[in-house]
Amino acid sequence: MNSIPEKPTLDGIEARWAERWEADGVYRFDRGADRDQVFSVDTPPPTVSGSIHMGTIFGYTQFDSVARYQRMAGKQVFFPIGWDDNGLATERRTQNYFGVRCDPTKQYEPDFEPPFRGDVPAKHHEVPVSRPNFVALCEELTAIDEAVFEEIFRRLGMSFDWTLLYTTIDAGSRRTSQLAFLRNLARGEAYSADAPTVWDVDDRTAVAQAEIEDRERPGAYHLLAFHGTGDNAGDVMIDTTRPELIVSCVALVAHPDDERYQPLFGSTVRTPLFGVEVPVVAHPLAQPDKGTGIAMVCTFGDTTDVTWWRELDLPTRSVIGRDGRIVATPPEWLETPEALAAYEAIAGKTVKQAQAATVEALTASGEMHGDPRPLMHPVKFYERGSRPLEIVTSRQWYLRNGGRDEDRRNAFLARGKELDWYPDHMRHRYDHWVEGLNGDWLVSRQRFFGVPIPLWYPLDDDGEPRYDSPIVPADDTLPIDPSTDVPPGYTADQRGRPGGFAGDPDVMDTWATSSLTPQIAGQWVDSVLSGGSLFGNVFPMDLRPQGPEIIRTWLFSTVVRAHYEHGSLPWTSTAINGWILDPDRKKMSKSKGNVVTPMGLFEQYGTDAVRYWALAARPGVDTAFSEDQMKVGRRLATKLLNASKFVLSTPDPSGGDVEIDPVDAAMLARLGQTVAEATTAFEGFDYARALEHTESFFWWFCDDYVELVKQRAYAGEAGAAESARHALRTALGTVQRMFAPALPFVTDEVWSWWHDASVHAEAWPAAPAVTSELSLDAASEVLARVRRAKTEAKRSQRAGVARLVVTGPAGWIAQLEPCRRDLVDALTIADFELSAGAEDAAVGIAVELVPDEA
RNA sequence: GGGCGCAUAGCUCAGCUGGUUAGAGCACUGCCCUUACAAGGCAUAGGUCGGGGGUUCGAGUCCCUCUGCGCCCA
């Protein structure tokens with residue numbers, strides 16, 4: 001038997017136990033386990049962005065408790081963790097932290113030192129650095145942040161197998177991501193196309209539908225006169241919020257049923273300022289009640305323009321460059337000197353500047369009627385961006401996701417139905433997203449810190465890339481970087497030369513890699529290239545826990561990749577956690593400035609207390625951040641210390657069979673019920689209900705049962721004392737194990753007082769094989785009533801009871817008879833009378849306290 | 001505009017397939033320094049289950065509708 005501290009404390013237990021778990025490999029996955037013994041969890045690797053949000057703590061704690069249960073229930077738990085570090089978020093932090101900016105035209109400098117490490121002055125101009133230098137700085141910064149994240153997750157008590165740690169930029173992830181992409185390409189699921197693409201002008205990269213959000217922004221309708229031609233000599237008035245795009249106008253469009261414009265369909269008009277002749281066409285997407293009911297189609301003002309352009313087969317007249325400015329050279333479709341002069345006024349300007357110049361010119365020419373009419377309207381932004389998105393034409397890589405293909409869409413909807421969702425209603429978010437897709441998944445990004453698209457292109461005699469016949473690397477050479485690696489059959493000096501080759505300059509979208517976390521963590525590549533067996537033992541995984549905000553991105557894209565590569569779901573179940581709301585019930589977010597950091601809370605309340613707060617929330621339910629709940633959790637943890645100390649301080653029961661006392665049997669039967677309820681709850685991933693049942697039993701056990709039997713356990717007659725001592729220890733050991741998934745630190749602390757191995761390596765408790773007809777509810781009632789009497793008499797709970805008369809229905813009184821001796825001891829009763837009446841008799845409890853001597 | 005979710009005690013929430021006087025914790029109030037526990041324990045009090053209508057012997061629970069809030073998508 002190990003020793004029990006004189007004064008048990010929660011202080012410092014996190015560091016002690018976290019270290020012990022790692023040293024003993026308590027959470028290490030056993031690769032020899034068969035698939036049916038494995039419970040595998042696809043943990044979404046968090047973005048290492050400098051600080052951890054309480055929402056992450058919240059969700060991760062919930063599924064850690066599920067994983068801990070599964071481990072105790074006998075499963076080999078495959079519980080990897082990774083860091084999602086590639087992508088634009090890291091690039092931005094690197095720029096801000098070091099004061100640099102990536103310029104791929106620069107040469108690599110082996111001894112480069114960044115101008116700053118943190119604390120970059122506001123006026124500093126970013127120093128351009130080569131791509132390899134920039135990537136090295138990204139890696140330096142993520143290493144710092146990842147160390148902080150690891151410390152927090154260890155402190156949180158996450159039962160990850162840290163030997164499985166990966167990052168989404170490491171060699172294994174790059175290899176996985178590139179191999180999966182090449183196989184998508186080979187099967188025709190990936191393709192490249194030169195097409196209109198939603199473009200962020202600040203980050204100078206294409207962005208995907210999933211990264212776009214609408215924001216309400218002020219704008220204005222401008223009423224413009226287009227001029228009829230031929231027989232229709234009159235002006236046609238249109239309302240537009242983007243007059244600067246008149247030069248890109250390729251048509252006017254109205255609804256086919258709109259009688260006002262019937263006569264115009266098939267005719268042409270000339271644009272204001274530029275005099276370009278464009279057709280008037282009909283399309284059902286035109287909204288008769290919006291503005292004048294007829295709109296100008298530009299290439300491209302918004303995604304509806306793209307639809308019109310595609311479906312009506314209109315020409316392309318783009319003028320917005322990738323920097324968000326009107327291109328300097330006048331386009332060839334402008335013919336007249338007036339048109340060229342008008343273009344001169346906007347050339348080289350930003351969209352905003354060009355709009356002002358255009359309005360000025362229109363006012364001067366009299367082609368704008370009245371003043372602009374302000375309105376609020378939704379404008380598309382990159383979710384991390386600060387300027388509206390533009391649409392430019394560029395060559396990009398896509399993965400087919402059903403956005404343009406009914407059969408694939410139906411296949412992905414079917415996958416969504418096949419998946420078990422916890423809670424079930426979260427499946428609607430998936431369905432709506434898939435049903436609303438309007439294009440394939442754009443996976444290429446014109447960025448630097450990401451997994452390179454693993455392709456080269458042959459250059460023709462003019463030095464132009466032949467995009468239709470990319471050069472593919474051999475699988476066993478992955479990962480590659482086509483900007484430095486040379487394709488088979490070529491030499492390095494042929495790079496960029498006519499007849500030579502060029503590497504694809506782009507990297508993949510971060511989701512193109514993080515959609516492969518089951519394959520990365522499960523070492524799928526090894527199973528493909530060298531027959532490794534791990535993947536088959538963990539995939540498809542059992543559970544994907546995650547937040548609701550990444551259903552449309554992460555969850556969906558992971559389903560897409562597994563569907564293509566494995567013809568299956570990536571996991572059988574997904575559990576979606578809720579939001580964290582601040583006490584005012586507003587969503588916590590950095591921009592609102594109401595974010596709390598976890599480390600301070602761990603120190604103030606103890607990790608188990610913070611975990612208690614997270615685990616008290618029902619699965620999937622939005623939950624208020626509540627330090628009050630943490631206080632309750634701390635009290636529970638403290639109670640577990642004290643109760644454990646007390647139970648273990650009763651005399652050790654001797655071996656051998658004892659005859660079980662009816663009171664003890666009743667408690668153990670109730671305990672058995674609790675075990676059954678907690679087990680059922682956990683099997684359905686309902687950690688909250690499991691905790692609630694355990695907690696409520698535990699408080700009853702402390703308040704009533706322990707009080708009833710403490711005298712007997714200490715000093716009762718031999719057999720009865722033995723029974724109580726056995727029962728106390730049985731209940732304590734069961735409760736400690738049932739609390740272990742929720743409160744890993746305090747439970748291992750108290751478990752260690754009487755065991756050598758970690759409680760987390762123990763089996764989930766079975767219900768004691770004890771049945772009982774006896775209910776202790778009547779005894780609890782008597783305890784409460786006598787306590788109340790003492791309280792009302794302003795007496796100590798130690799005060800003796802001179803005489804206690806309990807009357808009630810015979811059946812109810814019968815429940816008290818077996819408790820008589822324990823009640824007498826617990827309440828210090830001199831004279832105890834039980835009086836059975838008729839079955840409809842009222843319960844009466846008359847308490848006569850011994851006189852107060854004071 | 002469409003979808004999903006929520007509305008129960010002052011606060012945060014349970015209440016599973018409709019069934020005895022609606023539960024817990026926190027806060028409040030009161031009592032107690034009881035040899036496990038005073039950064040604690042015990043106990044009291046507190047609710048027309050958002051409004052309206054319907055189904056049913058019976059509705060917090062099922063249906064309709066309205067109101068308010070949150071999230072997602074247009």
Side-chain angles (χ1 to χ4, degrees), chain A residues 4-11 209-210 212-214 287 289 303-304 377-378 380 421 423-438 547-553 576 578-579 581 583-587 604-606 609 612-613 616-618 620-650 677 680-681 684 686 688-689 691-693 695-696 699-700 702-704 706-707 710-711 713-714 728 732 750 783-800 826-828:
Chain A
I4 303 171
E6 190 59 37
K7 183 75 183 169
T9 176
L10 298 174
D11 295 338
Q209 184 183 352
I212 299 170
E213 63 186 26
D214 282 353
Q287 296 176 33
D289 55 343
T303 51
T304 312
H377 63 154
K380 294 205 182 308
W421 296 77
D424 189 70
H425 69 257
M426 292 291 182
R427 66 171 67 251
H428 297 299
R429 302 194 187 202
Y430 176 95
D431 291 342
H432 291 150
W433 176 251
V434 177
E435 285 162 5
L437 287 169
N438 57 26
E549 73 282 8
I550 52 174
I551 291 173
R552 63 185 186 149
T553 48
I576 310 293
W579 293 112
L581 310 170
D584 297 332
R585 298 205 61 77
K586 293 282 187 285
K587 186 179 147 192
Q604 187 175 357
Y605 299 105
Y612 176 89
W613 157 74
R618 252 58 195 174
V621 173
D622 296 349
T623 302
F625 174 78
S626 165
E627 294 195 42
D628 282 346
Q629 277 296 89
M630 296 177 197
K631 290 177 188 164
V632 176
R634 183 171 181 90
R635 189 143 60 225
L636 175 62
T638 305
K639 188 78 173 177
L640 193 54
L641 286 178
N642 289 319
S644 297
K645 180 186 174 192
F646 177 71
V647 169
L648 295 175
S649 70
T650 58
E677 287 163 340
T680 303
D686 194 342
R689 192 178 291 274
L691 175 58
E692 185 184 39
H693 281 299
E695 187 185 7
S696 115
W699 281 105
W700 171 82
C702 291
D703 290 347
D704 289 359
V706 170
E707 292 301 326
K710 66 204 290 188
Q711 302 279 351
Y714 266 122
L728 282 167
L732 182 71
V750 294
L783 284 174
R785 295 286 280 269
V786 173
R787 283 176 189 142
R788 190 190 312 171
K790 290 178 179 177
T791 296
E792 283 169 356
K794 304 199 177 194
R795 298 288 301 279
S796 159
Q797 292 298 329
R798 301 175 76 179
L827 296 168
T828 328

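Chain identifiers are assigned alphabetically (A, B, ...) following the order of the sequence lines, protein sequences preceding nucleic acid strands; residue numbering begins at 1 within each chain.
Proximity note for A/D622 (side chain, C-beta onward) versus B/G70, B/A36, B/G25: the nearest is B/G70. Each of B/G25, B/G30, B/C73 was ranked by its minimum atom distance to the side chain of A/T791; first place goes to B/G30. Counting only heavy atoms from C-beta on, A/R552 has its side chain closest to B/C73 among B/G5, B/C73, B/C42. Closest to the side chain of A/R689, out of B/A14, B/C31, B/A36, is B/A14. Here B/C71 is the nucleotide among B/C71, B/C31, B/A14 with the atom lying nearest to any side-chain atom of A/W579. When distances are taken from the side chain of A/D628 to each of B/A36, B/C26, B/G5, the shortest belongs to B/C26. Side chain of A/V621, nearest nucleotide from B/G41, B/G15, B/A14: B/A14. For A/D214, the side-chain atoms get nearest to B/A74 when compared with the rest of B/A14, B/A74, B/G41.
Residue A/R787 places none of its side-chain N or O atoms closer than 4.0 Å to OP1 or OP2 of B/G41.
Partner assigned to B/C42 is B/G30, using Watson-Crick or G-U wobble distances below 3.5 angstrom. The partner of B/G47 cannot be assigned: no Watson-Crick or G-U wobble pair with both contacts below 3.5 Å exists in any strand. Here B/U20 sits opposite no nucleotide as a Watson-Crick or G-U wobble pair (both hydrogen-bonding atom distances under 3.5 Å). Judged by Watson-Crick or G-U wobble contacts below 3.5 Å, the nucleotide B/G5 has B/C69 as its partner. The base-pairing partner of B/U35, taking Watson-Crick or G-U wobble contacts with both distances under 3.5 Å, does not exist among the strands shown. The partner of B/G25, taking Watson-Crick or G-U wobble pairs whose two distances both stay under 3.5 Å, is B/C11.
In this structure, A/E707 reaches the bases: a heavy-atom distance under 4.0 Å links it to at least one base atom across the strands shown. Residue A/W613 is out of contact with every strand shown, counting any heavy-atom pair closer than 4.0 Å.
Between A/R785 atom CZ and B/C42 atom P there is a gap of 18 Å when expressed in whole angstrom units. Remark: C1' of B/C72 and CG of A/D431 are 13 Å apart, rounded to the nearest angstrom. In this entry the distance linking CD of A/E692 with P of B/C16 reads 12 Å, nearest Å. One can place CD1 of A/I576 at 13 Å from C1' of B/C72, the figure rounded to the nearest angstrom. Spacing between atom CE of A/M630 and atom C1' of B/G25 amounts to 15 Å, rounded to whole angstrom units. Atom P of nucleotide B/C72 and atom CD of A/E213 are separated by 9 Å, given to the nearest angstrom. Atom NZ of A/K631 is separated from atom C1' of B/C11 by 13 Å (rounded to the nearest Å). Between the CZ atom of A/R427 and the P atom of B/G5 there is a distance of 12 Å, given to the nearest Å.
Between B/U56 and B/C63, the distance separating the two P atoms is 16 Å to the nearest Å. For the C1' atom pair drawn from B/A39 and B/U17, the interatomic distance equals 44 Å after rounding to whole Å. Comparing the P positions of B/G60 and B/G51 gives an interatomic distance of 11 Å, to the nearest angstrom. A gap of 39 Å separates the P atoms of B/A27 and B/C73, to the nearest Å. Separating the P atom of B/G47 from that of B/A22 is a span of 12 Å, rounded to the nearest Å. A gap of 15 Å separates the C1' atoms of B/G68 and B/G52, to the nearest Å. A gap of 11 Å separates the C1' atoms of B/C28 and B/C11, to the nearest Å. Comparing the P positions of B/A45 and B/C4 gives a spacing of 43 Å, expressed to the nearest Å.
Residues from residues 633-643 of chain A lying near RNA chain B, meaning a heavy-atom separation below 4.0 Å, are A/R635, A/K639, A/N642, A/A643 in numerical order.
Remark: the backbone N or O of A/I551 is not paired with any side-chain donor or acceptor of A/T553 at under 3.5 angstrom. Checked by atom type and distance alone, the side chain of A/D622 never pairs as donor or acceptor with a backbone atom of A/G578 at under 3.5 Å. Under a 3.5 Å cut-off, the side chain of A/K645 and the backbone N or O of A/E6 do form a donor-acceptor pair.
Taking a cutoff of 4.0 Å between a charged side-chain nitrogen and a carboxylate oxygen, A/D424 and A/R429 do not qualify as a salt bridge. By the 4.0 Å N-to-carboxylate-O rule, A/D703 lies too far from A/R787 to be salt-bridged with it. Salt bridge present: A/R618 and A/E692 bring a charged side-chain N and a carboxylate O closer than 4.0 Å.
Figure legend: A/K710 and A/F646 shown as a cation-pi pair, the cationic atom lying under 6.0 angstrom from the six-membered ring centre and within 45 degrees of its axis.
Atom-to-atom distance recorded for A/M426:CE and A/D431:CG is 13.5 Å, nearest 0.5 angstrom.
Comparing A/R429 and A/L783 against RNA chain B, the residue whose closest nucleotide sits nearer the 5' end is A/L783. Comparing A/N438 and A/H428 by the nucleotide of RNA chain B whose heavy atom lies nearest to each, the residue mapping closer to the 5' end is A/H428.
Across A/L691 and A/A616, no two heavy atoms sit closer than the pair CD2-N, 4.4 Å.
Checked against a 6.0 Å centroid threshold, the rings of A/W613 and A/Y605 do not count as neighbours.
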